[in-house]
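Beneath this line is the structure, given in structure tokens, with notes to follow.
Scope of the values below: all heavy atoms of this structure, side chains included, with no hydrogens, waters or symmetry mates. Every chain is numbered from 1, with letters handed out A, B, ... down the list of sequences. Model, not experiment: these values are computed from the prediction.
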Amino acid sequence: MSAPKSSASYWEIVKTQFRKNRPAVWASRIMFVVFLMATYAPLIAHNAPYWTNHEDAAGSPWLNSLLDPSVFALDVDIFFNLLMGTFPFALVIWFVARGKLRSRLLLTWVVAHVALFLFTQSIREDLRRPVQDWRALTAQEDTSSFYPPIRHHPEDRRSEFVLTPVFSHGKLPAGAAEGAVAPFYILGSDNLGNDVLTRVMYGTRISLTIGVVSVTLYLLVGIFLGGLAGYFGKWLDDLLMFVAQVVMTLPALFLIMFVLSVVKKPSIYHIMVIIAALNWPTVMRLVRGEFLRQREIDYVSAARALGLRDRRIIFRHIAPNTMAPVLVAATFGVAVAILIESSLSFLGLGDPSAPSWGQLLKVGFENSAKGRHLVLTSGCAIFFTVLILNIIGEGLRDALDPKARK
Amino acid sequence: MLSWAIRRLLLMIPMLFGISLINFAIINFSDPTRTSAANADGRVDPSQSVEAGEAERIFRQTFNLDKPAFFNTRYNIEDDEILWRLMTAQRVYALPSARTGNLKVLEDYGRTIVPHLVRLAKKGRDRKCDYDSYNERWKAERSVWLKHDRPIGDIEWPPPADAPAFDEAFQEIVLELALHRLYANAPRRAHVKYGGGLSKEDAAYNREVRAEQRNLKTLFLEGLKDEEGRRSALAGWSAWSEGHADEWEYSFWRKTEMLFFETRFARYWKRLVSFDLGDSFLYRTPVSTLIWERLHISLILSFGSLILAYLIAVPLGILSARTHGSASDRVVSIALFAMYALPTMFLGILLRDWFATQLGWFPVSKFKGSGYDDMTVVEQFKDVAWHTTLPLITMTVGSLAYLSRYMKSGLIENLRADYVRTARAKGLSEFVVTMRHAVRNSLIPIITLLGASLPAIIGGSVIVEVVFDIDGMGKLGWQAVLRQDYAVILGINILAAILTMVGVFLTDLFYALLDPRISYK
């Protein structure tokens, strides 16, 4: 890597600095792979064949099931299944376009994807098809079919193959038909007869969603309030800082438990909102501090002398300069959100319908004799994801810190 | 300094107010009992028994959910309003949600509406209830309900056009329903107190209440018999209510008091200020006793791990700052970085499985051994230490990594500072330069971290207590959440907030004492 040119912009310098940090670069590559794995999970693990010639379902049951709410009941799954189709477009935009055009096209892509998702949600019930046992159908004679490498779905619930150990076939029940083949479980099965590897893969979707969405939520709130407090100051600053202080004093886990107990049927959306509601003060204080600093710098006086409105000064001039510490906080925030979610699921307060990592950990904890593989796999999944995110965050912090530059 | 401390202490009052306000908002505006009678689509849950209904009513009364949130204007309820609710709560063709909703409102009114009910019953007896205006309102509301156009259970919906006009029957039904409602609403409830005897006044009150309950029950049973019975029961009720007439006479002061103080909000604060945390319905024990029994366990865990973390983190930080860049420093840094990412429950389960279940070096669970009470003090200490080793390690690991990294980076910065160069130039030994000059200054930000990490530490023992099955405050709160024991949850929440605030205050105080540059005025 060559030293940054004197004409390089701030973010170009940051990029060069970040690229010098080998662990951080590798961590972001791994994170990208994890993201791809979460997105393309059905391509790797699904109980419907890619293709079959069975007369009742000739064609691709796999493709047909992707948006089917009776196969994928969670909104998150539908979102990622759609992403399987739309993500290549984002890649093309990334590699073909440059500069401002790239960011505009990417924004368009995000809007289009969300619109597509919302549209799919609105016609959700029309996409419902009768539930079919593809394994039984394709096991019939003179049927040939082509399956994903792992023939499991996260909600398989094959109660005859409960708590299978790692890397072994399930135990066939006593009266099984001759020639029946027990399914193979790479990382064993859980207490309901679901493949653990599949569940961990699909659980990535939930963890990433909770992390990203809750952090986005509290970034929005924190930046907005922090900007208000830092720019206008006076009583507004005092009031907002006081509220932030109160929220930071709250014992988070107890409060979250309290809220979830009142909610009765907690969903992942509740968890996202609660994480956001408890974490905005950190971001607010960061942004406020930066605003207080930036407000005194000449360019703001210049902007004011030009007669610009407060709104324009805040959003166009000061805000972009305060984003560096926020970016670092956001990266660590995703990791913290993932940890909080898994703790909640572990305590039995998560979304019971979502196959999250914390839930696997809980099942493993409850079946301590036979469930050690559950604890290990899900615990390692949480551990490595958080570790990778922390390495990226650390790299970003170093890259953004002028003192640490070499 | 003193004035600063006093000001900080005073500032804790509005902070506590804010925290309590959040708790109030959560429990009151989400109203935990609201959904239980009628589920999401408005149908009444047939599995809900009479006892469950009664338990729910007691719950509502304990948490004052039967009172309006901020302003109580129940001194001027209109008779017609009561009539409407009374009849709609029973009407077959009303939507189930309308039925349960009205029934709940009537229950919430409690003793306040006794004179209204007596008046209504009399009107019914004299065939003077305003059937027409009731029917007008019914028609208007029904047209709204019809938009929900769907069959509900076995009931024919929409109602047949020739549903009987029941002016005559109406009057008798009003009488009957009013008598029923009187018996449901009029009796007072005896004081219940767990864990400790009733005071003399309370016992006397309870005797009085029980006598009244018996008296009212005979009236109620008489009203169940037939038309004749209803009329004589009504006479009894009206005589009884006249005997208590002063309860329902609202003078100006009484109205003001009721408007502002007989509300959820005022009652909530009254209870908080008098440190009355209520009773746990799960343990049938006052919440304060429950928490008091468990508080020391959680505190030992939290502060034990905190002290342990500081004891290890500070030397470790110094060491790796001195050897910055070397191979050993790399290894330590990576190990600490990994430890920081370890989820507490994962680490706890792993430690428990390896060191307790497989190797048997430590006990699998609990805070103390079975023969704890018969041991000498030294043995007791050893026993607790033996039991808490694994939980303490689990709790320490995360904060340890964070603290020593912080210590290290602070110390490195200080070692590069000019004053350290001056000290070296004076010819001081490297040891003195580090320990006397640089370390002292880098300790200060570490102390501030103490305040920031307190909320996490007080809440953080929940997971460890669950994994190691320790009966501390965290596990108590967790079980209360799972079983919806709201009194306990509220109590723990407030207490944890107070503990955190006190901790933050003490940290600031230490900070000021340690750092001569900081003076609070």
[atom1] of [X]: more than 12 outside heavy atoms within 6.0 angstrom?
X	atom1	value
B/Arg330	CZ	no
A/Arg285	CZ	no
B/Tyr402	OH	no

(request) Determine which pairs satisfy ring-ring contact (aromatic ring centres under 6.0 Å, His included) with at least one residue from residues 355-398 of chain A, sequence neighbours left out, and list them in order. (result) A/Phe346-A/Phe365
Among the listed options [options], the residue most often paired with chain A at heavy-atom distances under 4.5 Å:
options	value
B/Ala338, B/Ala480, B/Gly477	B/Ala338
B/Asp353, B/Thr357, B/Leu347	B/Asp353
B/Leu350, B/Thr344, B/Asn23	B/Asn23
B/Leu11, B/Asn493, B/Ile489	B/Asn493

Please report the interatomic distance [atom1]([X]) to [atom2]([Y]), rounded to the nearest 0.5 Å.
X	Y	atom1	atom2	answer
A/Arg372	B/Gln358	CZ	CD	4.5 Å
A/Ser378	B/Ile349	OG	CD1	8.0 Å
B/Tyr340	A/Leu339	OH	CG	8.5 Å

(message) In the structure I gave you, are the side-chain heavy atoms of A/Ile391 and B/Phe337 within less than 4.5 Å of one another anywhere?
(response) yes
(message) Any heavy-atom pair between the side chains of B/Ile463 and A/Ser343 that's under 4.5 Å?
(response) yes
(request) Taking side-chain contact (heavy atoms from CB on, under 4.5 Å) as the test, write out the residues that go with A/Met37, two or more places apart. (result) A/Ile44, A/Met201, A/Thr204
(message) Exactly one of A/Val259, A/Leu349, A/Ile256 should register a side chain to side chain contact (heavy atoms under 4.5 Å, CB included) with B/Val481. Which one does?
(response) A/Leu349
Heavy-atom cut-off 4.5 Å, strictly under: side chain, backbone, both or neither for [X] against chain A?
X	answer
B/Gln479	neither
B/Leu16	neither
B/Arg483	neither
B/Ile19	both
B/Arg416	neither

Minimal non-hydrogen separation, [X] against [Y], with atom names:
X	Y	result
A/Leu347	B/Leu482	O-CD2, 4.1 Å
B/Phe346	A/Val375	CE1-O, 3.3 Å
A/Ile382	B/Pro343	CG2-CG, 3.5 Å
A/Val386	B/Ala341	CG1-CB, 3.7 Å

(request) Under 4.5 Å heavy-atom distance to chain B, tell me which part of A/Gln245 shows up: side chain, backbone, both or neither. (result) both
(message) Which atoms of A/Leu376 are under 4.5 Å from chain B, going by heavy atoms: the side chain, the backbone, both sets, or neither?
(response) both
